[in-house]
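Reading through the structure tokens given below for one structure.
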Amino acid sequence: MEILKLKHISKIYGDKVQYSALKDINLTIEKGEFVGIMGPSGSGKTTLLNVISTIDPPTSGEVLINGENPYRLESSKLALFRRSKLGFVFQDFNLIDSLTIGENIVLPLTLDGHRVSAMNKKLKDTAARLNIENIINKRTFEVSGGQAQRAAIARAIIHSPLLLLADEPTGNLDSKAAKDVMELFESINRETGVTTVMVTHDPRSASYCHRVIFIKDGQFFNEIHCGESRQQFYQQIMDVLSFLGGEENDLYPIRLK
Amino acid sequence: MTFTQFALNNVRRNTRVYLAYFLSSVFTIMVFFSFAVNLFHPVISSRSGGAIEIIMGQTEAAILVFSFLFVFISVNAFLKVRSKEFGILMILGMTKKQLRKLIFLENMMIGYLAIVVGITIGFIFSKFLLMILSNILSCESLSFYFPYEAIILTTVFFTLIILGISALTPRIIRTSNIITLLKGAKRPNTEIKFSVILSFLAVLLLGMGYFMAVSSHLYGIHPFLNEIILFIEKLPYAEAVLTTSVVVGTYLFFPQLSIFVLHRMKKNKRFYMKRTNMLWISDLIYRIRDNARMLFLVTILSAVAFTAVTGVYALSSVVKDESLKDNPFALTYTSYSSNDKVKQHIELIDKMLESYGFKYKKYMSEVIKQVSGDKRTIHIIKMTDYNNRVSLLGLEQITLDKDQALLVPVYVRFDPKRDRTLSQKKVSLDNGNINLEVVGIAPKVIFYSGLFQNLVVVNDETYDRITGIQEKFHSYSYDIPDWMKTLEVTEKLREELGVGEHGKYFWSTRIEGYTLENQNKKLFLYVGFFLGAIFFLGASSFLYFRLYTDLNQEKSKYIGISKLGLSFKELKKVASIQIAVLFFTPYILASIHTYFAIKVLQTVLYSSVFKQFLIVMAVFLILNSIYFATVRSRYVNYLKRFIV
Ligand SMILES: Nc1ncnc2c1ncn2[C@@H]1O[C@H](COP(=O)(O)OP(=O)(O)O)[C@@H](O)[C@H]1O
Ligand SMILES: [Mg+2]
């Protein structure tokens with residue numbers, strides 16, 4: 001079953017000086033898939049994810065999520081759509097500082113007007129799954145980056161969304177925390193079957209995906225699928241990236257040492 | 001966590017962000033409430049319909065408008081700071097309605113807490129205000145009462161303000177653009193546009209407003225100019241037109257005219273490229289554009305504050321002067337010919353004055369009232385009576401021939417060129433039987449302001465020849481050197497004589513006019529200083545809020561510049577010039593506005609108030625400079641921490 005379908009998506013920024021950030025992107029993602037989007041810096045990854053996230057309308061083309069075009073919905077319907085169908089994880093966590101970790105996690109349910117008892121139950125289950133029960137009463141500035149990102153993931157999945165979207169979720173984390181977070185994404189995808197789309201420029205993170213799509217200068221460049229082993233997939237990703245070229249500095253800062 | 005708990009948590013745990021907003025709300029509510037306590041005081045409201053009620057009521061209305069603006073601007077700043085948070089909420093699927101509800105709930109919580117705190121502090125503050133007020137109105141001290149009306153008024157108005165602001169939030173937070181919200185309150189540094197036409201319009205409107213304000217002082221310079229001035233004066237709602245053109249001119253000044261001027265500076269390459277000029281000019285253009293609305297408000301608020309304070313200070317310092325000019329004599333009793341009690345009354349007055357131990361001198365004049373064929377009233381006094389009377393006023397003694405006449409102004413402020421009666425060249429009496437040539441105009445009022453319209457002095461013989469006599473008045477004027485102490489005796493005399501009797505006699509005193517004026521003007525003074533203080537405080541805190549919200553952005557910019565090799569000293573200079581422009585442009589513009597507003601006031605005053613204007617402006621300049629110095633040094637010190 002198709003969860004996400006992009007048809008001929010283009011995005012042009014600016015009125016006087018126009019910049020074409022996305023050019024004729026077509027993409028279909030099936031239910032339960034875990035898809036990575038990669039590409040050099042400035043290639044349009046975030047733009048593409050924002051278009052999928054229903055927060056940046058494409059200049060032309062159509063976005064279908066679960067067969068429905070969210071940009072056709074009026075604003076309150078669109079809000080309900082985001083609230084029930086989508087979950088978001090950001091590079092800088094985007095937790096709300098005035099709330100505790102637990103309160104941040106239940107926020108989607110609060111907005112949806114759930115009963116407090118139901119909320120608490122879901123909070124308990126989700127926190128247990130992400131192994132963050134011990135921090136739910138802490139404030140956002142009292143936890144580490146890895147914990148904050150896990151809380152953000154909890155917030156993104158507590159309402160069992162159809163589509164989980166993440167923009168560089170490991171970009172602000174050290175390699176140990178990044179590994180934990182990616183393993184979480186992988187296990188959540190496997191256990192709940194939530195369709196996941198993740199932007200990253202870290203090949204190690206990307207290797208957790210089933211499929212990686214490469215874009216360059218706003219255009220589709222290549223796509224590779226994970227075969228038998230992750231190690232092999234990682235190597236394949238590296239090969240495509242070196243093929244993409246030009247931006248190695250940006251892509252592997254550590255390896256250049 | 002329910003939605004309401006969510007709002008509560010926001011308020012409870014975000015004190016640092018909310019504090020500035022909360023404190024400014026408390027301040028406005030306190031001011032509003034304390035003034036309402038004055039307004040609704042039983043003693044004051046029992047004097048309903050009078051000048052006091054009107055002045056106090058209008059002041060409260062002005063405070064209300066100010067409160068709305070002040071709270072609105074604080075909310076605006078406060079919401080802008082939180083745009084990222086709202087962006088997160090929107091992406092999590094919050095509807096616009098929920099956002100409005102959230103802000104409404106938060107505002108309600110903060111607002112009601114602010115109302116409770118504001119009213120509590122206001123209770124104490126209003127007691128102090130009541131003390132001042134009872135002193136002004138010289139009534140038995142205004143007792144403290146339970147101000148339930150003031151509490152209701154304050155609560156209702158501020159609830160309305162909160163509701164109004166919640167209704168306006170969708171305009172402040174552009175929910176449609178989540179990406180921009182998520183990026184925070186950063187402004188795009190797009191090319192700045194300005195229009196030559198609008199800049200020109202700003203000059204034109206300001207010029208027009210200023211010209212209207214001084215027009216009456218310019219009359220008589222040129223006949224064409226006179227036509228324009230007369231046209232302006234006949235305009236309906238001339239005051240509203242004047243105010244509007246100055247306000248709109250000011251509104252255009254910042255985003256248009258000032259940018260236009262800076263662009264000119266930029267074009268002047270020799271100046272622009274010199275040392276740090278380039279830095280502050282190019283940056284200032286952005287700053288002014290981003291702060292145009294705030295600068296406009298600060299200018300208008302300052303202008304109101306300066307004008308209120310100058311106005312009341314000027315009025316109060318000339319009040320004695322004015323009543324002396326209005327009433328050259330301490331007491332004047334005027335009798336119609338049919339009054340048979342005149343002798344009795346004058347004896348009573350004399351006796352009373354003596355019994356109180358006052359020294360006085362009495363001047364009696366006879367005045368004929370004649371109504372000509374074309375229904376024009378003319379009053380005539382003979383030369384001897386005039387000379388007798390003016391000997392006290394320090395005017396020259398005059399000698400008139402049989403066919404000569406001297407005109408006497410009826411109001412203190414007269415304009416010989418424009419006053420119809422004073423500009424006559426010939427006077428004709430008894431339906432043309434007596435024709436006189438006008439030889440001059442007396443420089444002062446000789447009875448009191450408003451008495452005897454179209455008064456003419458004639459030779460005694462001519463006076464005796466007059467036959468057309470509508471009425472013959474006898475006016476007794478008393479000069480009492482100690483007039484300031486005559487309030488008590490006047491009150492006693494009022495008991496006996498009342499205000500007068502229609503068609504028989506009437507009388508007036510300088511002390512009563514003085515007392516009333518003095519009380520009104522003290523009330524003005526109180527209200528004016530009060531308004532001046534809160535408006536000036538408000539204007540200053542707008543600037544302060546703004547500078548501090550900008551600080552973070554500025555910081556990274558300055559750090560960037562310093563890395564390019566600018567010394568800290570140079571950096572300090574750039575920052576100082578910018579802050580100075582933000583502080584002093586509104587001050588200068590507001591003081592020019594005030595100067596012209598005072599010119600309007602001058603048309604109803606007899607004495608010049610320019611000196612008072614200068615004093616008030618100097619005081620505000622000092623306050624503003626102190627404020628500037630404090631903010632600048634804090635700002636520079638803050639930057640210093642980040643720049644090596
Ligand atoms: N709001 C915008 N206005 C104009 N240009 C934009 C905007 N957002 C992104 N761009 C441009 O589009 C291109 C793609 O940006 P982005 O999607 O953020 O790249 P990345 O792949 O690094 O996430 C970049 O060149 C960027 O400058
Ligand atoms: Mg990106």
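Predicted model, so just to flag it, every value in this text is computed and none were measured. We name chains A, B, ... by the order of the sequence lines, and we start the count at 1 in each one.
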> Mind checking whether B/Ile29 and B/Val26 have side chains closer than 4.5 Å, heavy atoms only?
Replying inline: no
> Charged N to carboxylate O under 4.0 angstrom, A/Asp92 versus B/Lys84?
Replying inline: yes
> Would you call the rings of A/Phe90 and A/Phe88 parallel, tilted or perpendicular, where under 30° means parallel and over 60° means perpendicular?
Replying inline: parallel
> If you count heavy-atom pairs under 4.5 Å between each of B/Asn177, B/Ile91, B/Thr95 and chain A, which one has the most?
Replying inline: B/Ile91
>> Under a 3.5 Å cutoff, is there a donor and acceptor pairing between the side chains of A/Asp24 and A/Gln219?
In response: no
> What part of B/Leu92 lies closer than 4.5 angstrom to a heavy atom of chain A: side chain, backbone, both or neither?
Replying inline: both
> What are the residues of residues 120-149 of chain A, in order of number, with any heavy atom under 4.5 angstrom from a heavy atom of chain B?
Replying inline: A/Arg139
> So what's closer than 4.5 Å to chain B heavy atoms on A/Thr54: side chain, backbone, both or neither?
Replying inline: neither
> Who wins among A/His114, A/His159, A/Met119, A/Arg82 for the most heavy-atom pairs under 4.5 Å with chain B?
Replying inline: A/Arg82
>> Is it the case that over 12 heavy atoms from other parts of the model lie below 6.0 angstrom from the OH atom of A/Tyr13?
In response: yes
> Checking B/Leu102 against chain A: side chain, backbone, both or neither under 4.5 Å from a heavy atom?
Replying inline: neither
> Does any donor atom in the side chain of A/Arg83 or B/Gln98 lie under 3.5 Å from an acceptor atom in the other side chain?
Replying inline: yes
> Relative to chain B, which segment of A/Thr110 carries a heavy atom at a distance below 4.5 Å: side chain, backbone, both, or neither?
Replying inline: both
> Run the side chain to side chain contact (heavy atoms under 4.5 Å, CB included) check on A/Ser98 and B/Asn9 step by step: do they pass?
Replying inline: CA-CA 7 Å; A/Ser98 58; B/Asn9 286 339; 5.8 Å; no
> At a heavy-atom separation under 4.5 Å, does A/Asn94 approach chain B through its side chain, its backbone, both, or neither?
Replying inline: both
>> Need one label for A/Arg155: side chain, backbone, both or neither, based on atoms under 4.5 Å from any heavy atom in chain B.
In response: side chain
>> If you define the side chain from C-beta out and look only at heavy atoms, does anything of A/Asp56 sit under 4.5 Å from A/Lys11?
In response: yes
>> Need one label for A/Leu95: side chain, backbone, both or neither, based on atoms under 4.5 Å from any heavy atom in chain B.
In response: backbone
> Just how far is it from atom CG of A/Asn189 to atom CD1 of A/Ile157, taken to the nearest 0.5 Å?
Replying inline: 11.0 Å
>> Any carboxylate oxygen within less than 4.0 angstrom of a Lys/Arg side-chain nitrogen, looking at B/Glu106 and B/Arg82?
In response: yes
